[in-house]
Amino acid sequence: MNNDILPKGSVLDEAMLHDLCHHDAYKISFGSVAEWDVSIRYVLDENCFGYKPYGQFLVTNVCPDEYEFYVFDSNEIWEEHHNADICDDFFQGQPHHIGYAHRVLFAGMRTAYKDDFGDDIYTGDIVWADKNPELIFPVDKLLDSGEPALMKSYNEAIPLKEFKSLIRMGTVLYNLDWNDPMSLCKRNVKFLYEAYGEQFNLPRLKRVLAKAQITPSFMQTNDAYELMSQFGEKYGWRNKWWQQRNKEE
């Protein structure tokens, strides 16, 4: 593997992160991987995202097209959650000195873009582009170049570089299940299906965005999200435009 696998400004999916981690397993065991500008977001628990730079996580291939993520933490609270078998397999028996490996859910890779409020944009974010109500889509990557883009459908995406304004509206990390590590791309497609169906529908989009702002969340019913939407600030979302629009309508 060489630098051609990671073009400047590109983002990686689970499979590519898996390959990159395994290529650098020896370096990761000693925390020596500064050459890659890769940082991931992950789900630790209900209403709890975490963030790790490359070298502080590993990716395992459970079965074809299904991956599990583990992050390393030195705090002893993670000792009982440490998966020694995963580490032995990943490092092929080599010693490592980077903490306890505990399982998390992948929640996106940081892109090179920030939104209008200065927040980093990650894959899996739902972004409102150029203040156009018809441009509210999840962030994924272009299949050919890996460039971060708004996913309009599985086969259509628009590079983020083409927009002047970007505002994060939420994430696709709702209806989570530890036993169903759905890929981020599939979560993006799930959002598109739920929010748009076969044609644009503002009330449906608003209902799904309400769920997207209560993330990360393992709640499974729409009623639970509707109830929690009254306390959206608890989840850190600060998009006053959408709140004000709801009041006006």
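All residue numbers refer to positions in the sequence shown, counting from 1.
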Exercise. Among Phe90, Trp178, Phe106, whose ring-ring contact (aromatic ring centres under 6.0 Å, His included) with Phe69 holds?
Worked result: Phe106
Look at the side chain of [X] and the backbone N and O of [Y], then say whether any donor-acceptor pair between them is shorter than 3.5 Å.
X: Thr215; Y: Ser217; value: no
X: Asp130; Y: Asn132; value: no
X: Asp24; Y: Lys27; value: no

For this session: Give me the one residue out of His18, His22, Glu68 that meets side-chain contact (heavy atoms from CB on, under 4.5 Å) with Asn61.
Result: His18
Can you name the closest pair of heavy atoms from [X] and [Y] and give their distance?
X: Leu150; Y: Val127; answer: CD2-CB, 3.8 Å
X: Cys185; Y: Tyr154; answer: SG-CE1, 3.9 Å
X: Gly55; Y: Ile98; answer: O-CD1, 4.0 Å
X: Leu205; Y: Ile136; answer: CD2-CD1, 4.1 Å
X: Met109; Y: Asp37; answer: CE-O, 4.1 Å
X: Leu192; Y: Pro138; answer: CD2-CD, 3.6 Å

Is the ring centre of [X] less than 6.0 Å from the ring centre of [Y]?
X: Tyr70; Y: His102; result: no
X: Tyr196; Y: Phe137; result: yes
X: Tyr51; Y: Tyr122; result: yes

Heavy-atom count around [X] [atom1] within 6.0 Å, excluding the residue itself: above 12?
X: Phe30; atom1: CZ; value: yes
X: Asp65; atom1: CG; value: no
X: Glu76; atom1: CD; value: no

Using a strict 4.0 Å threshold on nitrogen-to-oxygen distance, state whether [X] and [Y] make a salt bridge.
X: Asp120; Y: Arg41; result: no
X: Lys141; Y: Glu147; result: no
X: Arg168; Y: Asp119; result: yes

Problem set entry | Verdict with reasoning, Ser165 to Asp116, per side chain to side chain donor-acceptor pair (under 3.5 Å) | CA-CA 6 Å; Ser165 172; Asp116 293 2; 2.5 Å; yes
Problem set entry | Cationic tip of Lys52 above Phe57 ring, under 6.0 Å, 45° of axis | no
